[in-house]
Amino acid sequence: MFYGAMIWDPWLILAQIVCIQSLYYMSLGIFLWAFVGTQVPELTLKYFFNHSLVTGASVVGWSVIAAYIVNSLCGAACMFILVERAKKCLDFTVTLYIIHLILCVLYHGFPTSFLWWFVFILCVVITALFGEWLCMRRELKDIPMRSTRLDV
């Protein structure tokens, strides 16, 4: 898919969205386990989707924030691996975080915290820009050319 004609393939797009979303939550779980799991007796889904836990008033809240920010870098790596095109990174990043917002709203209601929105937008920006940067580096690499000169 990286080179050649681009065709409209909705099944590929859906598969990419599902893979990116799955990898996002898997890596978020690893980072929450590493950062938050040492401070709480039980790590549950509330650390994934409860916006009231993203707070600067406790060490656990700062750990949740750190897990989200570090996970946004992993999201950029997922964009680099699965999306492969810089011009598609923003679309897939926004899709990823809109799905996350919908799940947060369904789990605990609409987020009203300024800090949650700040972290959310910061993660979107980090994932999109770093993912685009990684993809552009690949796209701008020189294509190796072999000499096909015939000796006559």
Output field: ring centroids W117/F114 closer than 6.0 Å: no

Validation row, ring centre Y25 to ring centre H100 under 6.0 Å: yes

Nearest non-hydrogen partners of [X] and [Y], listed with the distance:
| X | Y | answer |
| --- | --- | --- |
| L82 | C19 | CD1-CB, 3.7 Å |
| L43 | G29 | CD2-O, 4.5 Å |
| F92 | I13 | CE2-O, 4.0 Å |
| P111 | V105 | CD-CG2, 4.0 Å |
| C135 | M79 | SG-O, 4.0 Å |
| G56 | L115 | N-CD2, 3.4 Å |

Crowding at CH2, W33 (>12 non-hydrogen neighbours, <6.0 Å):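 Atom CH2 in W33 is not packed in, count stays at 12 or less.
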
Y107 atom OH, over 12 foreign heavy atoms within 6.0 Å: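 For Y107, atom OH is crowded (more than 12 foreign heavy atoms under 6.0 Å).
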
Pairs flagged by side-chain hydrogen bond (donor to acceptor under 3.5 Å, both in side chains) wherever residues 64-82 is involved - sequence neighbours left out: S27-N71

Among I65, V70, V64, side-chain contact (heavy atoms from CB on, under 4.5 Å) partner for F35: V70

Side-chain (Q21) to main-chain (I99) donor-acceptor, under 3.5 angstrom: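 Judged by distance alone, no pair lies under 3.5 Å.
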
Residues forming a side chain to side chain donor-acceptor pair (under 3.5 Å) with T127, sequence neighbours excluded: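 Scan of T127 (side chain to side chain donor-acceptor pair (under 3.5 Å), adjacent residues dropped) gives Y97.
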
Find the distance between [atom1] ([X]) and [atom2] ([Y]) and round it off to the nearest 0.5 Å.
| X | Y | atom1 | atom2 | value |
| --- | --- | --- | --- | --- |
| F130 | C74 | CZ | SG | 10.0 Å |
| C78 | L73 | SG | CG | 11.0 Å |
| L129 | M136 | CG | CE | 8.5 Å |
| E84 | Q16 | CD | CD | 8.0 Å |
| L106 | L101 | CG | CG | 9.5 Å |
| I126 | T93 | CD1 | OG1 | 11.5 Å |

Could you check whether any side-chain heavy atom of [X] comes within less than 4.5 Å of a side-chain heavy atom of [Y], counting everything from C-beta outward?
| X | Y | answer |
| --- | --- | --- |
| W116 | C104 | yes |
| L53 | V60 | no |
| I20 | V83 | yes |

Please answer: with hydrophobic residues joined when any side-chain heavy atoms are less than 4.5 Å apart, are [X] and [Y] in the same cluster?
| X | Y | result |
| --- | --- | --- |
| L90 | I121 | no |
| I98 | L122 | no |
| F110 | V54 | yes |
| I69 | V94 | no |
| L14 | Y24 | no |

